[in-house]
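Within every chain, numbering begins at 1; the chains are lettered A, B, ... in the order of the sequence lines, protein sequences first and strands thereafter.
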Amino acid sequence: MLQLSYIREHKDEIIDRLKIRNFDGEKVINEIVTLDERRRKSQTEADAKQAELNKVSKEIGVAFKSGDQEKAQALKAKTGKLKSSAKELFDVVSQTESQINTLLLSVPNVPNPEVPKGKSDEDNEVLEEFGEKPKLEADAMPHWDLAKEYDIIDFERGVKVSGSGFPIYTGKGARLQRALITFFLDEAEKAGYKEMMPPLVVNEASGTATGQLPDKEGQMYHIPEEDLYLIPTAEVPITNIYRDELLRKEDLPIMMCGYTPCFRREAGSYGKDVRGLNRLHQFDKVEIVQITQPDDSYDTLNQMVEHVKSLLKKLELNFRTVKLCGGDLGFTSALTFDMEVYSAAQERWLEVSSISNFETYQANRLKCRFKDENNKTRLVHTLNGSALALPRILASLIENNQTPEGIKIPDVLVPYTGFNMITK
RNA sequence: GGAGAGGUGGCAGAGUGGUAAUGCAGCGGAUUGCUAAUCCGUAGUCGCCUAAAAGCGGCUCCCGAGUUCGAGUCUCGGUCUCUCCGCCA
């Protein structure tokens, strides 16, 4: 959520920059500014009335104590009118406040100036490509066929048990999943991230603070009896660990990582996008999260990108780094880099990581602040990234490493899997 | 699920209707001839005034209503935490 004071002072700039993400903010921003003025005016008046009322109350107290009943009664008579006019003004304040709040929730983050314009993922800017696209035999299979051939994922029985989008990893497939999770966590810990095992369901306040609510309400599974949501990413519970907290500057940066399953309804998805492991209702992911001082956050963003790159290199995958254009940028993000690996058998790039700086957008909703060197209370910056999402990594690993003898496991994973080849 | 207790500042912790004690930490200042001590100030938030500070005012003792001239304190509703019982991996 954008800060009101920031909107007040940078109205036109915000409207302008929101255009980069194709968000027409002119009307809503102007409305916010107007309401804000009304609120402040009402508050000033209400405060004055209340101050007067408080003064009279004190005088009444003094009068009672000194035994001057008559004076006390006379003063009491004065309070009625003051009270009602103060209440009226305070009602305006709180009404306006809640209107402002509703509007603020509907405004996405302001993109960083370096975010390119664009409509969709096709307009994203490719920054670099690492490695060579593997050349596969003519009879190479996509991962959904390989999964069946080598008996490592059972999609059909997953449908029976839960529905489509809920695969069952079996035997060496399950072991490979577990190997990847452990490998990613080990690497994150080596890089300084503290491992967290958070709850997999969150309350409404948490969903709102990181920005999934109300924007993406329909994307999350909801448990009505308890009014809880299944997490769509570990970002939600992990970032919310520090909700409503006032940190000391030496606490920063806070580096956290965590493995969780992620649950997404993915309503409206179809076709080749959802084939096999490409898009699931439940998938596994290791997430890295950082809470930083504002001045450090863009260095941190780069550092996180480098971390993810190093993972992909160790897995011997070829990949590219993409800077998201305005149209593809998430609601809460100021700047996002995606990492995509090439699936040779599907002949397409698959997003395996998304690394974002939210600046103060989440922090403002989280009310996560710190005391800076001047002892001033300021909002922190929050960042997160997938390091990494498993299904598409698994898909490209098995597609790109298929050989006539079987599926070769990258060397770095062998200590985790205990085998270096998946055979029939 | 049943019964009881509780929620006060960054943290700890008093406070039974009339200006929210005190301790610790952090920050600022003063003082003292050495890694330190002592003293003073210092809360979060919103608004007014400012170039900025200072200053002034409102709100804030889990949340929301109510009683009252006045509520941390009394009443009602909600919520969360803890303890015990029950159930249970």
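- B/C61 and B/U45 have their P atoms separated by 16 Å, given to the nearest Å.
- A salt bridge links A/Glu13 with A/Arg17: the distance from a Lys NZ or Arg NE/NH1/NH2 to an Asp or Glu carboxylate oxygen falls below 4.0 Å.
- Taking CG of A/Asn203 as the reference point, atom CG of A/Asp227 lies at 8.5 Å (rounded to 0.5 Å).
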Pairwise N/O distances under 3.5 Å, protein to nucleotides 51-58 of chain B:
from	atom 1	to	atom 2	distance (Å)
B/G57	N2	A/Asp47	OD2	3.0
B/G58	OP1	A/Asn54	ND2	3.2
B/G58	O2'	A/Asp47	OD1	2.8

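- Between B/A3 and B/C74, the distance separating the two C1' atoms is 24 Å to the nearest Å.
- In this structure B/C82 sits in a base pair with B/G4, meeting the Watson-Crick or G-U test at under 3.5 Å.
- Nucleotide B/C49: unpaired (no Watson-Crick or G-U wobble partner with both distances less than 3.5 Å).
- One interatomic measurement links the two molecules: CZ of A/Arg369 to P of B/A43, which rounds to 15 Å at whole-angstrom precision.
- For B/A89, there is no paired base (Watson-Crick or G-U wobble, both distances below 3.5 Å).
- Annotation: cation-pi pair A/Lys285/A/Tyr259 absent, no NZ/CZ under 6.0 Å from the ring centroid and within 45° of its normal.
- Nucleotides B/G23 and B/G9 have their C1' atoms positioned 13 Å apart, rounded to a whole Å.
- The C1' atoms of B/U73 and B/G17 are separated by 7 Å, rounded to the nearest whole Å.
- A salt bridge links A/Lys148 with A/Glu156; the closest basic N to acidic carboxylate O contact falls under 4.0 Å.
- For B/G28, the paired nucleotide is B/C40, the pair qualifying as Watson-Crick or G-U wobble because both relevant distances are below 3.5 Å.
- Between the side chains of A/Asn101 and A/Glu97, no donor-acceptor pair is found at a separation under 3.5 Å.
- Nearest nucleotide to the A/Lys83 side chain, out of B/G47, B/U45, B/G70: B/G70.
- Across all strands shown, B/C11 forms a Watson-Crick or G-U wobble pair with B/G23, both key distances being under 3.5 Å.
- For the P atoms, the distance linking B/U16 with B/C24 amounts to 24 Å, nearest Å.
- Proximity note for A/Leu246 (side chain, C-beta onward) versus B/G10, B/C48, B/C69: the nearest is B/G10.
- In the displayed structure, A/Lys323 atom NZ is contacted under 6.0 Å by more than 12 heavy atoms of other residues, nucleotides or ligands.
- Spacing of C1' atoms, B/C62 relative to B/U8, comes out at 10 Å, to the nearest Å.
- Judged by distance alone, the side chains of A/Asn278 and A/Arg275 never bring a donor and an acceptor atom under 3.5 Å apart.
- Across all strands shown, B/C74 forms a Watson-Crick or G-U wobble pair with B/G66, both key distances being under 3.5 Å.
- Residue order along RNA chain B, read from the 5' end via each residue's closest nucleotide, puts A/Thr377 first among A/Leu53 and A/Thr377.
- A salt bridge between A/Lys41 and A/Glu45 is present, with a side-chain N of the basic residue lying under 4.0 Å from a carboxylate O of the acidic one.
- Side chain to side chain, A/Thr210 and A/Glu235 fail the donor-acceptor criterion of an N or O pair below 3.5 Å.
- No contact: A/Arg248 has no heavy atom under 4.0 Å from any strand.
- Across the interface with RNA chain B, nearest-nucleotide mapping of A/Glu250 and A/Lys41 shows A/Glu250 to be the residue nearer the 5′ end.
- Only the P atoms considered, B/G72 is 8 Å distant from B/A20, to the nearest whole Å.
- Look at the C1' atom in both B/C48 and B/A54: the space between them is 14 Å, to the nearest Å.
- Looking at A/Arg40 and A/Asp36, a side-chain N of the basic residue comes within less than 4.0 Å of a carboxylate O on the acidic one, giving a salt bridge.
- Looking only at atom types and distance, the side chain of A/Gln177 has a donor-acceptor partner in the side chain of A/Asp284 under 3.5 Å away.
- Counting any heavy atom pair closer than 4.0 Å across all strands shown, A/Arg8 reaches sugar-phosphate atoms only and no base atom.
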Each nucleotide N or O in nucleotides 16-23 of chain B that has a protein N or O under 3.5 Å away: list the pair and distance.
from	atom 1	to	atom 2	distance (Å)
B/G18	N2	A/Ser57	O	2.8

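- Pair assignment for B/U16: none, as no Watson-Crick or G-U wobble contacts are both less than 3.5 Å.
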